Amino acid sequence: SLLRFAGTLDVLVSFLFLCQEMLFFLFSFAEMLEALFFLSFSHIQSSFSFSFAALTHCLCFFQVTFRRSTNISSYHSSLQNYLQSPFFFKEIRSLMHSVFTCANVFWLAVSVLVFVCFFVCALKLVYEIGDPRNYLLPDVACDFSNVNLKELPEPHSVLVEGVRGKAPPDTLKVSATYMDGYRATVVSPMIGPRAVQKVHSMCNSQLDRARQVFKKFKLDDFSHVHIQALGAEESYGKNANDSSREVVQWLAVRHKKKEALELFAREIAAAGTGMAPGCTALVGGRPKPTPVFRLFSFLYPKSRIEELCSVYDQTGPIFQKVLESSPPSSSPSSSSESTMEVPEPEPVKDARPAPVCSLIKQQGVAEVRLERYAYLRSGDKGDSANIGVVARCDQCISVIDQQVTADVVAQYFSHLLTPESKVERYSLPGIGAFNFVLTHSLGGGGVTSLRPDPQGKGYAQMLADLRISGYSSPCCHCKATA
């Protein structure tokens, strides 16, 4: 029975994806007709496409991250194991609930049913979203700040509505990569007393030994070096607890030349037998130099891009036409609106249509972990970390709003920030959430970073340990974690 049920769900999912592809095809076909026969669909686009595009990308948010639906703060209390993790949409009840026009900005209320709960959907929404009021895409500028979520009577069903679409900007986002030297990483367990001190002493000795060899071969010094004892909570900085007697050495280096790191790798093997006792093995063997591809992102004017429309048959192209670039729109719904500074909305009391507990038991105020009042999730965008904080109940919103400010978060992660870093907080009052963006906080991000967490996946878990002043006996929704 379960296999038949799973097969039926697979058919539903396939049908959903087919409908989505057909909708994209219809819009593409309309654009091709406009280019070929100089037809004008602007009156249709102006009343529908921006909101529809925002809806489509909102669906993609849930679709792309849906396979990570158990990656939330309290997975240990909500699931027995990861085998229970859902991997599919259950149903789309209504693609469009209603479309409204207001001051040339189009609103769309969408009803979507997914096989998850309120908090899973909320964490999908804040995951790596950046500024929720102005999420730029080539075809639309999305505003997710007022999205509302509501659990329905049906099991595992959540209503999603309130997506806002605006005219796209006159620029395209470009993500370019270029080669920037090589990197190598040494990973080795260390066991015994003073393990942390041994790791740092041995890493510095390995670096000094390699530098002596570099001088003989007239090679430059390492361009970047990162030393860390994994297991000693060094990622927490001054917020760390006591160190451990069992840690893992993490020594990551970068150099402009591959041959320099090959010499470095040859010198590493001797450290296991000739340096600090307790060094057990080299995980993965000797480090191997790998290329570093640095990300460079920027905005590029659409007017400078040559658009080519081509029609093909089995023999090849039968029609090709270079499309003329349209001048920047001067309408109120143009890119000037979608990229302008939008005032941050203040948190709204009882704005979230989620289950609300009765009363917080006010039995004294104590210092508690932030995780008792919120679910958290984090990720990256280049060299910037993104931390989503979703209040567990409506009564928790004001506590988070007052105590978890951008300055508090900046102070908490000060050991991971640079002088160029900036911490910004955005509000999503519809779901009782806050989104923190920490720029220049990942050591370059991706393969460029030498840190063990180059994508900021652990930042939310570290922030969950932030101590705030709260009620010693929180509301019923906040008792799950201590």
Side-chain angles (χ1 to χ4, degrees), residues 61 122-137 141-147 164 166 169 171 173 175 237 239 295-299 335-348 351 370 373-391 396-446 449 451 453-466 468:
F61 261 76
L123 290 170
K124 301 309 107 182
L125 187 60
V126 299
Y127 182 60
E128 300 179 357
I129 194 176
D131 184 353
R133 306 162 304 175
N134 206 36
Y135 191 88
L136 301 181
L137 292 158
C142 302
D143 184 352
F144 300 123
S145 60
N146 289 296
V147 169
R164 178 184 179 183
K166 299 180 290 185
T171 55
K173 293 192 292 185
S175 295
N239 307 303
L295 174 67
F296 181 73
S297 301
F298 59 95
L299 297 176
S335 62
S336 60
E337 178 191 355
S338 61
T339 57
M340 67 181 182
E341 286 294 326
V342 182
E344 180 176 350
E346 293 296 328
V348 181
L370 174 59
Y373 283 82
Y375 290 95
L376 301 95
R377 192 179 184 188
S378 58
D380 70 315
K381 274 291 184 292
D383 194 23
S384 298
N386 188 109
I387 307 175
V389 180
V390 182
C396 298
I397 297 176
S398 60
V399 177
I400 299 172
D401 178 38
Q402 296 171 9
Q403 300 189 47
V404 190
T405 63
D407 291 338
V408 170
V409 173
Q411 182 64 26
Y412 190 80
F413 288 101
S414 59
H415 58 289
L416 298 175
L417 303 180
T418 66
E420 295 79 22
S421 299
K422 183 179 180 181
V423 178
E424 294 182 288
R425 189 184 81 167
Y426 302 97
S427 298
L428 290 88
I431 59 173
F434 300 91
N435 198 53
F436 295 87
V437 178
L438 292 68
T439 62
H440 303 290
S441 61
L442 297 174
S449 176
R451 299 178 184 176
D453 184 14
Q455 296 178 316
K457 302 297 184 181
Y459 279 39
Q461 301 308 305
M462 288 192 285
L463 188 60
D465 283 328
L466 175 68
I468 62 175

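Below, each value reflects all heavy atoms present in this structure, side chains not excepted, and no hydrogens, waters or symmetry copies. All values reported here derive from a predicted model rather than from experimental measurement.
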Under 3.5 Å, is there a donor-acceptor pair between the side chain of [X] and the main chain of [Y]?
X	Y	answer
S378	K457	yes
D131	L136	no
Y412	N239	no
S421	T439	yes
R377	V390	no
N146	P429	no
E128	D380	yes

For [X] versus [Y], what's the shortest heavy-atom pair and its separation?
X	Y	answer
G445	D383	N-OD1, 3.5 Å
G130	Y426	O-CD1, 3.9 Å
V409	F436	CG2-CE2, 3.5 Å
Y373	V399	CE2-CG2, 4.3 Å
L438	I387	CD1-CD1, 4.0 Å
D143	R133	OD1-CA, 3.4 Å

Once rounded to the nearest 0.5 Å, what's the spacing between atom [atom1] of [X] and atom [atom2] of [Y]?
X	Y	atom1	atom2	value
E424	S384	CD	OG	9.5 Å
I129	K124	CD1	NZ	13.0 Å
S441	E420	OG	CD	12.0 Å
L376	Q461	CG	CD	7.0 Å
C396	I468	SG	CD1	8.5 Å

Next item on the list: Tell me whether the centres of the aromatic rings in F296 and F298 are closer together than 6.0 Å.
Entry: yes
Notebook entry, point to check: With side chains defined as the heavy atoms from C-beta onward, is the minimum distance between V126 and P132 less than 4.5 Å?
Noted result: no
Check: Taking C-beta and beyond as the side chain, do V147 and L428 meet within less than 4.5 Å on heavy atoms?
Finding: no
Item checked: Sole residue of V408, V437, D401 in side chain to side chain contact (heavy atoms under 4.5 Å, CB included) with R425 -> D401
Check: What orientation do Y459 and F413 show, parallel under 30°, tilted 30 to 60°, or perpendicular over 60°?
Finding: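 Parallel: the ring planes of Y459 and F413 meet at under 30°.
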Note to self: Is it the case that over 12 heavy atoms from other parts of the model lie below 6.0 angstrom from the NZ atom of K422?
What the structure shows: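 No, NZ of K422 has 12 or fewer neighbouring heavy atoms, counting only those of other groups under 6.0 Å.
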